[in-house]
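Below: one structure, written as structure tokens.
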Amino acid sequence: MLERVRNELAAAIAVALREMGAESPQVALEVPPRRELGDLAWAGALPLAKGLRRAPRAIAEEVARRLEGTLAALPDEHPLALLEPGCRVEGPGFVNFRLRRGPALAGLLTEGLRKTDELRRGPQAPSPEPQKVIIEHTNINPNKAAHIGHLRNSVLGDTLVRCLRFLGRGVEVQNYVDDTGVQVADIVVGLLYLPEDALLAAASPVWPEVEAGKGVRTRVLQAFASRAADRTLASPELAVADFDDLCWDLYPRVTRRYEEDPEFAAHRSEVLHAVEGGFPPELTLEEAVEPLRAGAADPGTEPHRQASARLAAAVAEANLYCHLATMGRLGIAYDVLPHESDILHRGFWRRTFELLQAAGAIRFEEEGKNAGCWVMSLAESAEFAGMADADKILVRSNGTVTYTGKDIAYQLWKLGLLRDPDGTLHDFGYRPFDRFGQAGPASPVRYGAGERTLFRTTADPGERPPGASFGAGSRVFNVIDVRQSYPQKVVKEAIRVLGHPEAAESSIHFAYEMVALTPAAVRRLEETQGLDFRLSPEDMGKPFIEMSGRRGIGVKADALLVTLIREAERAIAERQGEGATLAAEQLAGRARAIAVGALRYQMARQGRNRVLAFDFDEALAFEGDTGPYLQYSAVRANKIFEKLAAQGLAGSAEQDARAVAGVAVPDDLWELALACSRTPEMVEKSVASLEFSLLAGHARDLAQSFHKLYHEHPVLHAEDEPTRALRRATFRVFAVAITTILEELLGIPVPQEM
RNA sequence: GCGCCCGUAGCUCAGCCUGGAUAGAGCGUCAGACUCCGGAUCUGAAGGUCGCGCGUUCGAAUCGCGCCGGGCGCACCA
């Protein structure tokens with residue numbers, strides 16, 4: 001509603017300015033900082049003063065005069081009829097406008113009604129979008145549990161997805177799986193070669209069936225295979241330790257062993273080669289595990305190699321399931337899981353290599369430090385000017401492709417630019433990975449059953465199940481932390497030199513700063529988990545400490561969620577008072593909502609360019625500028641309507657709209673209603689700048705304003721019916737706005753009670 | 001060395017892209033709140049050379065340049 005008034009008013013001012021001699025005037029309308037100034041303002045007279053050679057105040061006054069004539073002649077149903085007649089010129093040359101509050105508030109009510117109707121009808125069937133936006137986020141190495149850094153990535157990515165969908169854009173969400181990298185190989189090395197005592201220490205806390213004694217490795221491998229068959233490597237239960245937790249512990253043990261014993265590192269390249277070789281598709285995990293047991297096959301033989309590769313795939317898939325479950329708890333879902341192994345086996349790189357060669361973008365180094373490598377020269381690009389070494393290796397001297405090389409291929413596919421010589425798209429094959437469902441916009445995503453299908457890629461382009469059509473986006477957002485800016489620039493540059501400068505600009509690195517730990521948080525981890533990260537006093541004196549998967553320094557996403565839920569349960573119990581006992585299921589549901597709210601809000605409210613120094617006390621805060629504060633405002637508003645309904649005083653949005661249309665709306669209620677109407681503007685701004693702190697701040701402002709009014713404007717005990725209708729109308733507008741922002745945009749569930 | 005990011009109240013952070021009207025929150029501190037829709041709330045107080053300097057402008061936290069302090073990149077890791 002506000003948007004339409006704005007657009008029409010801007011157009012009217014532009015007409016006036018053209019009549020006054022301004023050439024193609026750009027008119028921007030803003031909302032004045034204080035309501036007594038007005039509801040909309042035009043400040044453009046000041047910059048125009050020079051061009052028109054007139055005093056800004058005089059320009060503003062003439063614009064105002066011309067507008068008055070235009071506005072007076074409008075029919076009642078025109079959007080600008082919502083403006084009060086007459087505008088005021090104030091200050092050095094601001095033109096301020098006021099809305100007719102009653103009719104505007106009525107308009108907001110009916111608008112909210114329409115929105116609710118749409119929601120009730122459910123999500124529209126996803127139609128093939130010509131202007132599809134692709135967002136890649138999460139992208140966690142499938143070799144250990146997700147940590148809070150990954151949460152920042154996924155929450156930012158998911159919030160962008162939600163905002164774009166809100167704005168009506170077609171969106172495809174991809175979660176890239178690096179299933180062939182060294183990191184997965186390291187876990188396989190751990191399973192196959194780590195001394196049994198170390199393996200036992202990592203495995204037995206998670207898999208109780210693995211006990212001390214002879215044949216630990218055999219039992220670990222058997223447990224892995226049988227749990228994979230039962231699909232119990234990733235449990236829907238949050239408090240249960242899963243395979244990713246086992247890997248979290250195993251991975252640092254492997255990397256430490258590499259440092260202690262250089263010969264041990266040979267296993268790494270052996271496994272890596274095995275993984276690159278792949279395995280026959282019919283090879284099951286049980287069959288693969290068989291020869292891996294001590295003595296059944298020697299390392300270096302083909303059965304052993306294939307079995308290692310099969311094991312690596314299973315490790316990656318098991319961790320992937322764990323990650324999906326973790327993110328699912330936060331209401332985060334995906335459409336497709338592109339696998340790195342498929343990029344290789346489908347020949348994405350081979351084709352990309354041909355294209356790069358044909359464009360003369362790469363060259364083979366005969367000598368020098370990069371001898372034997374294929375490199376891309378960046379020396380000619382302004383972006384990389386001043387670099388000591390402006391060459392980026394895409395193919396190593398041993399013939400394998402670097403991550404950046406694969407990423408170029410992947411990015412070309414995302415943009416619909418990877419084509420075979422005959423011009424057809426070079427595409428993956430697809431296969432359903434799992435079914436999933438989500439009860440509401442901010443509800444947990446559950447796998448195993450449900451209405452939607454999550455697809456994964458395959459290497460066989462002949463596999464095309466119905467509904468599986470991915471890639472070829474008109475814009476691509478890659479959500480990756482800022483430390484990867486350099487390789488991201490290389491990818492962009494490759495697209496440019498391949499002859500696609502516009503596509504390169506449509507390929508956007510959504511960069512955000514890393515999540516680190518405060519020294520206090522590190523100390524707390526050491527205390528609660530009985531660990532010693534052996535950090536120096538200088539480290540502990542820094543403002544923050546970087547997480548490290550290799551050293552096991554980090555806060556696991558699920559562990560944080562568990563802690564948050566426990567704290568939320570405690571807070572709920574405290575507020576319930578003596579005697580009141582809540583059904584366990586209710587308690588769990590509310591606590592989960594609060595935990596998710598606290599977590600997602602913390603990630604969304606901070607600007608993306610700032611290092612997030614994670615602190616437990618801050619993360620566990622439920623009062624003040626927090627998710628639960630916002631949730632509470634929605635719960636409170638809904639509670640009013642429940643109570644009203646119980647007494648037969650609820651009325652309806654239509655009734656309130658009629659009642660309010662001719663009534664004087666006091667300043668404070670109007671302020672809240674107007675702020676609610678600015679939500680689409682805030683979403684636009686957030687998306688344009690990729691700063692969700694704007695949206696989070698907007699939501700907090702709304703909640704703050706509501707909480708204040710809640711104390712001053714009782715609805716149930718209003719002095720008369722017109723007063724009640726006015727308050728009810730305003731709070732109705734608020735309830736719709738805050739619920740939309742929380743559940744649809746920020747993915748924060750609104751519980752019934754807290 | 002080159003590049004990017006950060007510096008705003010005691011602490012944690014919005015606001016900067018697109019200059020505008022009195023720079024905002026939260027935490028912490030202090031003082032308060034109705035037998036009345038849930039106190040995860042609200043009211044009030046104290047707390048700011050917006051790192052420093054120069055410039056552009058009618059106007060700078062916001063734009064430009066230069067410093068200072070901190071962080072991160074510049075891999076045959078991903």
Side-chain angles (χ1 to χ4, degrees), chain A residues 26 28 30 32-34 37 41 43 46-47 49-50 56 90-94 96 139 141 178 181-183 369-375 383-390 392-398 400 402-404 406-407 480-487 489 511 513-514 516 542-544 546 568 571-572 574-575 594 605-611 613 615 617-618 621-633 635-637 639-644 646-647 685 688-691 693-694 696-697 700-701 704 706-718 731 753-754:
Chain A
Q26 295 295 307
E30 50 200 75
R34 296 189 312 282
L37 294 167
L46 294 123
K50 237 180 206 161
E90 273 158 317
F94 294 100
N96 291 331
N139 191 353
N141 246 314
D178 181 3
V182 269
Q183 307 219 24
K369 69 182 171 79
N370 293 338
C373 300
W374 283 91
V375 303
E383 283 258 43
F384 298 90
M387 278 186 54
D389 176 9
K392 176 71 193 173
I393 292 168
L394 299 186
V395 182
R396 303 183 187 100
S397 53
N398 68 4
T400 57
T402 61
Y403 184 87
T404 305
K406 286 175 265 194
D407 209 16
I480 317 177
D481 93 67
V482 72
R483 288 172 294 184
Q484 313 238 17
S485 293
Y486 170 66
K489 269 191 192 170
E513 262 292 356
M514 65 171 165
K542 288 179 177 175
F544 54 81
E546 209 175 332
I572 293 167
E574 258 173 34
R575 281 155 232 257
I594 290 166
R605 65 162 232 198
Q606 182 148 16
R608 65 188 165 94
N609 286 326
R610 205 184 273 264
V611 174
D615 178 75
D617 292 334
E618 212 174 298
F622 294 154
E623 292 172 13
D625 187 9
T626 66
Y629 174 86
L630 303 190
Q631 292 171 306
Y632 187 56
S633 73
V635 169
R636 251 185 165 177
K639 225 16 183 283
I640 295 174
F641 288 99
E642 262 178 47
K643 289 268 159 76
L644 284 170
Q647 302 204 13
K685 270 189 169 179
S689 59
L690 297 175
E691 281 294 0
S693 53
L694 296 173
R700 192 205 48 235
D701 289 346
Q704 229 160 30
F706 168 76
H707 275 310
K708 181 165 152 53
L709 296 176
Y710 177 87
H711 285 272
E712 295 165 0
H713 295 272
V715 183
L716 200 57
H717 306 282
F731 291 167
E753 299 193 32
M754 291 179 68

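Predicted model, so just to flag it, every value in this text is computed and none were measured. Order of the sequence lines fixes the chain letters, A, B, ..., with proteins taken first and strands second; residue numbering starts at 1 for each chain.
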Once you apply a heavy-atom cut-off of 4.0 Å, does [X] come out as touching a base, just sugar-phosphate, or nothing?
| X | value |
| --- | --- |
| Asn96(A) | base |
| Gly607(A) | sugar-phosphate |
| Glu753(A) | base |

Do any side-chain nitrogens or oxygens of Arg605(A) fall under 4.0 Å of OP1 or OP2 in A25(B)? no
Within less than 4.0 Å of OP1 or OP2 of C13(B), is there a side-chain N or O belonging to Gln606(A)? yes
Along nucleotides 57-65 of chain B, 5' to 3', which nucleotides get a B, which get an S, and which get a -, given that the test is a protein heavy-atom distance under 4.0 Å? -B-------
Could you write out RNA chain B as a dot-bracket string, with dots for unpaired bases, | for bases paired across to another strand, and Watson-Crick or G-U pairs counted at under 3.5 Å? (((((((..((((......[...)))).(((((.......))))).....(((((..]....))))))))))))....
Does the side-chain ring of Tyr486(A) lie flat on the base of G73(B), meaning centres under 5.5 Å and planes less than 30 degrees apart? no
Sequence neighbours excluded, which residues qualify as side-chain contact (heavy atoms from CB on, under 4.5 Å) partners of Glu753(A)? Arg590(A), Lys639(A)
Test of understanding: with side-chain contact (heavy atoms from CB on, under 4.5 Å), list the residues that count as partners of Thr400(A), not counting sequence neighbours. Glu276(A), Arg396(A), Asn398(A)
Side-chain-base donor-acceptor pair under 3.5 Å for Ser397(A) and C76(B): yes
Among all residues two or more places apart in sequence or in another chain, which pass the salt bridge (Lys or Arg N to Asp or Glu O under 4.0 Å) test with [X]?
| X | answer |
| --- | --- |
| Asp481(A) | Arg483(A) |
| Asp617(A) | Arg524(A) |
| Glu30(A) | none |
| Lys489(A) | Glu383(A) |

Going by ring-ring contact (aromatic ring centres under 6.0 Å, His included), name the residues that satisfy it together with Phe94(A), two or more places apart in sequence or in a different chain. none
Are any protein N/O atoms closer than 3.5 Å to N/O atoms in nucleotides 69-72 of chain B? If there are, list each pair with its distance.
none

Polar atom pairs between nucleotides 39-43 of chain B and protein, under 3.5 Å, N or O only, would you list them?
residue : atom : partner   : partner atom : Å
G39(B)  : OP2  : Arg636(A) : NH2          : 2.7
A40(B)  : OP1  : Tyr632(A) : OH           : 3.4
A40(B)  : OP2  : Arg575(A) : NH1          : 2.8
A40(B)  : O4'  : Arg575(A) : NH1          : 2.3
A40(B)  : N9   : Arg575(A) : NH1          : 3.0
U41(B)  : OP1  : Gly624(A) : N            : 3.2
U41(B)  : O2'  : Arg636(A) : NH1          : 2.8
U41(B)  : O2'  : His711(A) : NE2          : 3.0
U41(B)  : O2   : His711(A) : NE2          : 3.1
C42(B)  : OP1  : Tyr629(A) : OH           : 2.6
C42(B)  : O4'  : His711(A) : NE2          : 3.2

Could you tell me how far apart Gln484(A) (CD) and A75(B) (C1') are, to the nearest whole angstrom? 12 Å
Which whole number of Å gives the distance between the C1' atom of A61(B) and that of G53(B)? 16 Å
Sequence neighbours excluded, which residues qualify as side chain to side chain donor-acceptor pair (under 3.5 Å) partners of Lys708(A)? Glu712(A)
Check every atom of C76(B), G3(B), A21(B) against the side chain of Lys489(A) and return the nucleotide holding the closest atom. G3(B)
